[in-house]
Amino acid sequence: MFTELAKSYAPQSIEPRWAEAWVEQHLYQAKNGQPGGQNWSLVIPPPNVTGSLHLGHMLEHTLIDIVVRWQRMRGKNVLWLPGTDHAGIATQMVVERMLAEKGESRQAMGRERFEEAVWAWKRQSGDRIAEQMKRLGASCDWSRARFTLDEGLSRAVRTVFVRLYEEGLIYRGRYIVNWCPRCQTAVSDLEVVHEPVNGKLYRLRYPVVGGPGRFLEVATTRPETILADVAVAVNPADPRYTALIGQQVEVPLAGRTVPVIADEIAQPEFGTGAVKITPGHDPNDFAAGQRHNLPQLVILDESAKMTGPHAGVYAGLDRFAARKRIVADLEAAGLLAAITDHPMAVGQCQRCRTVIEPRISTQWFVKIEPLAKAAAQVVEDGKIRFTPENNKTIYLGWMANIHDWCISRQLWWGHRIPAWYCDACAKTIVAEQTPAACAGCGGPLRQDPDVLDTWFSSGLWPFSTLGWPEQTADRRDFYPTSLLITGFDILFFWVARMIMLGVHFTQDVPFREVYIHALVRDAERQKMSKTKGNVIDPLLVTEKYGTDAVRFTLAAMAAPGTDIALSEDRMAGYAAFANKIWNAARFIFLSANQADAPAPADSPVHLRPRGRHMVDRWIFSRLNAVAAQLQRSLEEYRFHEAADTLYHFFWHEFCDWYIELTKLRLQAGDPEAAPNLLVAFDGALRLLHPVMPFITEELWTALHAAAPPAVSIALAPFPQPDPAAVDPEAEAALAALQAAVTESRQFPARLEAHLSDTTLAWAHAYLPRLAKLGQKPAADPAQEQARREKRRAELAAQIHKKRQLLANDRFRAQAAATVVAAEEAKLAELEAELATLAGD
RNA sequence: GGGCGAUUAGCUCAGUUGGUUAGAGCGUCUGCCUUACAAGCAGAAGGUCCACGGUUCGAGCCCGUGAUCGCCCACCA
């Protein structure tokens, strides 16, 4: 006998046990030295160490885990490499916030102690995500977990930096960059988000020198920056101003005069057609200043407070406070011509939403064009395939318009830039190992205080985690990786950088396929993000509905290309599905003898029924069809289709019909019924396993409890679709039976020939009951009459349409023969129905 | 300013070479404690598939125009 199962499925009492066992048994550890074609690998998009798991992670991990478990069951030597990202700026902010609560600060502690504090915090909470993933059943190879600041990965970072520097693809220079006054660091273009705001456009009057009473009107959105003006530009083709070109105008409140220059930057139709040039505080003006060889005045410090000799009486004021004061002073001086509303997009720090201040500073950059070109090429050549495909266009478009990448950050947490400066002889040394002294003059060296953009190290992730630059067994066996599954939000940040750096340093693609999943949104369709703090702990819904139900929900809603608004109703529905599976097992275990269970080694790779019973032939035909459908769906990452297929098959075919039809055979002692039932159930569990690992593991183990040691279902072969097992005769017979039972009609004779007497006896007994249950409530005769009329009209319309269609020669010529036959059959059916309606 | 996506049942969404009477989950209504499952079973109601035009024997699907919503990219002061 099988052990009796509880009356309903309680995931809470089962899942933690399995989660722990899987990790302890190292069930998902990949092997080295397998034949090349056997290996299949995927690296996780490393979550931030700061974070805890949110539903976006869970969606991503669920989709990954489904593919990974499926590939493993197909016999691949699978590596899913887990790990975390040090997430420079995010982590530093978290730790600084914690320090601030204790009244401490990074500056007061000093760099060394601060770094120690971050490491301590990382050790204490950095494993949280891993623990959560383990609890959720992610089938990672935990023995290969990596962290971006690991010694090996740091070594890879230094190697890459030095090589790019030597190739001239990394340079250092003084440019205007995006600066966050709150984070006090440079950020890349990608880390600036543009938010629409209702700004103002100020028209200011610049007195023309030598022309008393004459003014040049200039439009600006940032009046406080006039103190750093070095010129006013007008368009050379603008007739209004040609006379002024070369003359001097006075900068209001500044007590300086600047030249009027001709430059295309000024567009005649915007504002007044005259634009102030402020190279120290605007990227466009910076470029214009370089064209005209103008000086760069700076009036804001790293906190965006007014500073320096040109700030005058406004020194010390915040930029926005200064704006108010300056506008008031301009008005008092009669130099403010107008203020108009001006909707515009202002750049904000992605992390803290502070308005970005363009700032001139010395930073490190990657010369991106050569890398981008090669990275675009591999995608154009189809060496990397995107799903959904339109991401390819987006990717290529970005690659075509890419700017150099600012990689230095004025932070303390991260990979420190491997560059040293000699103050004595002004030499710069870039090296993998810390040099003892200046190679030129022997003087003492000072390392660059900055660290690298987090994405610089993440960009190496697919190969740095596998041992690069060493030629390791992992690198040989698992690179390039097979697939990347990640979100659209980091397509440019991460995917693009991995392709650029991967192609450059390994002469191969980092992954052959990229699946871009949808975004999980909350009930209000808001994006869930680390910075917004609206993340939902997946462990809570998991606790409520069970991990398998949440996983199934996520998979079922993961149609490629559209966002997911997560609904708990849906989870409840799939929790019921898990319970359905549980109860099917409960019935099977109560009704069948354990001796009939297939031995685990006796893997039903080829699902074939014992005997010739029509019902058995049907369910095994369906199992094979479902296996084939799942294979198609998963190959194309159509997770929702796979989930729907499983749901419908298990509930409405396996339970509603197969188990029901088997009940009577069991009662009558049909010797083939139980063994076939057990094998079919085994096959169904395997099909379900990639999506629902916990319940299938529990039930599969129970199914095979008599023949220990049963291996985990995770290592059991996935049913291989066998086209020969598809049995159209059995499928047609069951379809007829279903129709007959549903309509409470007589059995088709053809089916009766194939059904055993006992089944027939059951079915005949069952039919009247169905007929009773299905009876419509006694309807109002008038209503009934109306319904008939409506149906009659519908039928007439359809018949007319069909006749027209079938009379069409082009249709007969062009449509497939089966389509024509189906249409003819349908017409006959419709006519028959109409005849019965007309009859009474 | 460019580019992309969406619009299908009360709600959330599927619908991939154009071809039976357009589906699912939840919700609603009716009837069932039926010895695997009331987290269940048997039924029912509910849709001008955003609008208009076009292609086709045939359009939810293809083409065009428009409307509404959303997203991404972008140095317009």
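All values below come from the heavy atoms of this structure, side chains included, with hydrogens, waters and symmetry mates left out.
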### Task
Could you check whether the rings of A:His342 and A:Phe270 sit parallel, tilted or perpendicular, using 30° and 60° as the cut-offs?
perpendicular

### Message
If you compare every side-chain N and O of A:Lys392 against the phosphate oxygens of B:C4 (OP1, OP2), does one of them come in below 4.0 Å?
### Response
no

### Task
Answer yes or no: is there an ion pair linking A:Glu224 with A:Arg222, defined by an N-O contact shorter than 4.0 Å?
yes

#### Entry: Nearest-angstrom distance, C1' atom, B:A22 to B:C63
22 Å

### Task
Measure from the side chain of A:Gln267, starting at C-beta and using heavy atoms only, and say which of B:A77, B:A74, B:C41 lies closest.
B:A77

### Message
Counting the atoms with a prime plus P, OP1 and OP2 as sugar-phosphate, which does A:Phe577 contact under 4.0 Å by heavy atoms, base, sugar-phosphate, or nothing?
### Response
nothing

### Message
Taking the C1' atom in each of B:G66 and B:U17, what is the distance between them to the nearest angstrom?
### Response
29 Å

### Message
Taking B:U20 as the reference, what is the distance to B:G58 when you measure between their P atoms (whole Å, please)?
### Response
15 Å

### Message
Among A:Tyr545, A:Trp651, A:Tyr647, exactly one meets ring pair (Phe, Tyr, Trp, His ring centres under 6.0 Å) together with A:Tyr574. Which residue is that?
### Response
A:Tyr647

#### Entry: Minimum-distance nucleotide to A:Asn390 side chain [options: B:G5, B:A14, B:A77]
B:G5

#### Entry: Gap in Å between the two C1' atoms, one belonging to B:C61 and one to B:G15, rounded
9 Å

### Task
Look at the side-chain N and O atoms of A:Lys7 and state whether any lies under 4.0 Å from the OP1 or OP2 oxygen of B:C37.
yes

### Query
Is it the case that A:His403 and A:Asp189 place a side-chain donor and acceptor less than 3.5 Å from each other?
no

### Task
Return the minimal non-hydrogen interatomic distance between A:Met571 and A:Thr553, and the atom names on each side.
CA-OG1, 3.4 Å

### Query
Under a 3.5 Å cut-off for both distances, is B:C26 Watson-Crick or wobble paired, and to whom?
B:G10

### Summary
As its Watson-Crick or G-U partner within any shown strand, both distances under 3.5 Å, B:C71 has B:G3

### Span that lies between the C1' atom of B:G10 and that of B:U28, in whole angstrom
8 Å

### A:His342 vs B:A77: side-chain N/O to OP1/OP2 distance below 4.0 Å
yes

### Message
Using a 4.0 Å heavy-atom cut-off, does A:Ala266 contact any base of the nucleic acid, only the sugar-phosphate backbone, or nothing at all?
### Response
base

### Query
Taking OP1 and OP2 of B:C41, is either one under 4.0 Å from a side-chain nitrogen or oxygen of A:Trp651?
yes

### Query
Distance between the P atoms of B:C11 and B:G47, in whole angstroms?
12 Å

### Summary
Among the nucleotides B:A24, B:A77, B:A36, whichever has the atom closest to the side chain of A:Thr220 is B:A77

### Query
B:C76 pairs with which nucleotide, Watson-Crick or G-U wobble, both distances below 3.5 Å?
none

### Task
With RNA chain B as reference, determine whether A:Pro11 or A:Gly273 sits nearer its 5' end, using the nearest nucleotide of each.
A:Pro11

#### Entry: Residue whose nearest RNA chain B nucleotide is more 5′ - A:Phe492 or A:Ala585
A:Ala585

### Query
Is A:Asn579 touching bases, backbone alone, or none of the nucleic acid, heavy atoms closer than 4.0 Å?
base

### Task
Write down the distance separating the C1' atoms in B:C33 and B:A14, rounded off to the nearest Å.
35 Å

### Query
When the C1' atoms of B:A36 and B:G60 are considered, how many whole Å apart are they?
40 Å

### Task
With a 3.5 angstrom cut-off on both distances, give the Watson-Crick or G-U wobble partner of B:G47, or none if there isn't one.
none

#### Entry: For atom CD of A:Glu269 and atom P of B:A77, their distance in whole Å
13 Å

### Task
Can you tell me the distance, in whole Å, between the CZ atom of A:Arg586 and the P atom of B:A39?
14 Å

### Message
By the 4.0 Å heavy-atom rule, please label A:Ile265 as base, sugar-phosphate, or nothing.
### Response
base

### Message
Rounding to an integer number of Å, can you tell me how far A:Ile588 CD1 sits from B:A36 P?
### Response
12 Å

### Query
Can the ring centroids of A:Tyr9 and A:Phe694 be said to lie less than 6.0 angstrom from one another?
no

### Query
Nearest-Å distance, CG (A:Leu190) to C1' (B:A74)?
12 Å

### Query
Expressed in angstrom and rounded to an integer, what is the separation of A:Tyr647 atom OH from B:G23 atom C1'?
13 Å

### Summary
Taken to the nearest whole Å, CG/A:Leu5 to P/B:C37 is 12 Å

## Note on the structure
From CD of A:Gln350 across to C1' of B:C72 the rounded distance in Å is 13 Å

### Message
Could you tell me how far apart A:Glu660 (CD) and B:C41 (P) are, to the nearest whole angstrom?
### Response
9 Å

### Query
Does the B:A36 base have a donor-acceptor partner in the side chain of A:Glu4 within less than 3.5 Å?
no

### Query
If pairing requires Watson-Crick or G-U wobble contacts with both distances under 3.5 Å, which nucleotide is the partner of B:G18?
none

### Query
Does NZ or CZ of A:Lys663 fall inside the cone over A:Phe587's six-membered ring, less than 6.0 Å from its centre and within 45° of the axis?
yes

### Message
Tell me if a side-chain donor or acceptor on A:Glu635 pairs with a main-chain N or O of A:Arg632 at a distance below 3.5 Å.
### Response
no

### Summary
Scanning all shown strands, the Watson-Crick or wobble mate of B:G53 with both distances under 3.5 Å is B:C63

### From B:G15, B:A77, B:G5, nucleotide with atom closest to A:Phe270 side chain
B:A77

### Task
State whether A:His194 places a side-chain N or O below 4.0 Å from either non-bridging phosphate oxygen (OP1 or OP2) of B:C72.
no

### Message
Looking at B:A77, I'd like to know if its phosphate oxygens (OP1 or OP2) sit under 4.0 Å from a side-chain N or O belonging to A:Lys276.
### Response
no

### Residue A:Arg570, side-chain atoms from C-beta onward, closest of B:U12, B:A77, B:C41
B:U12

### Message
Once you measure the plane-to-plane angle for A:Tyr395 and A:Phe386, does it fall in the parallel (<30°), tilted (30-60°) or perpendicular (>60°) bin?
### Response
tilted

### Message
The side chain of A:Met557 is closest to which nucleotide in this list: B:A77, B:U12, B:G40?
### Response
B:U12

### Message
Taking pairing as Watson-Crick or G-U wobble with both contacts under 3.5 Å, can you name the mate of B:G58, or confirm there isn't one?
### Response
none

### Message
Counting only side-chain heavy atoms from C-beta out, which of B:G40, B:A77, B:A39 sits nearest to A:Lys580?
### Response
B:G40

## Note on the structure
Using Watson-Crick geometry (N1-N3 plus N6-O4 or O6-N4) or G-U wobble (N1-O2, O6-N3), each under 3.5 Å, B:G40 is paired with B:C32

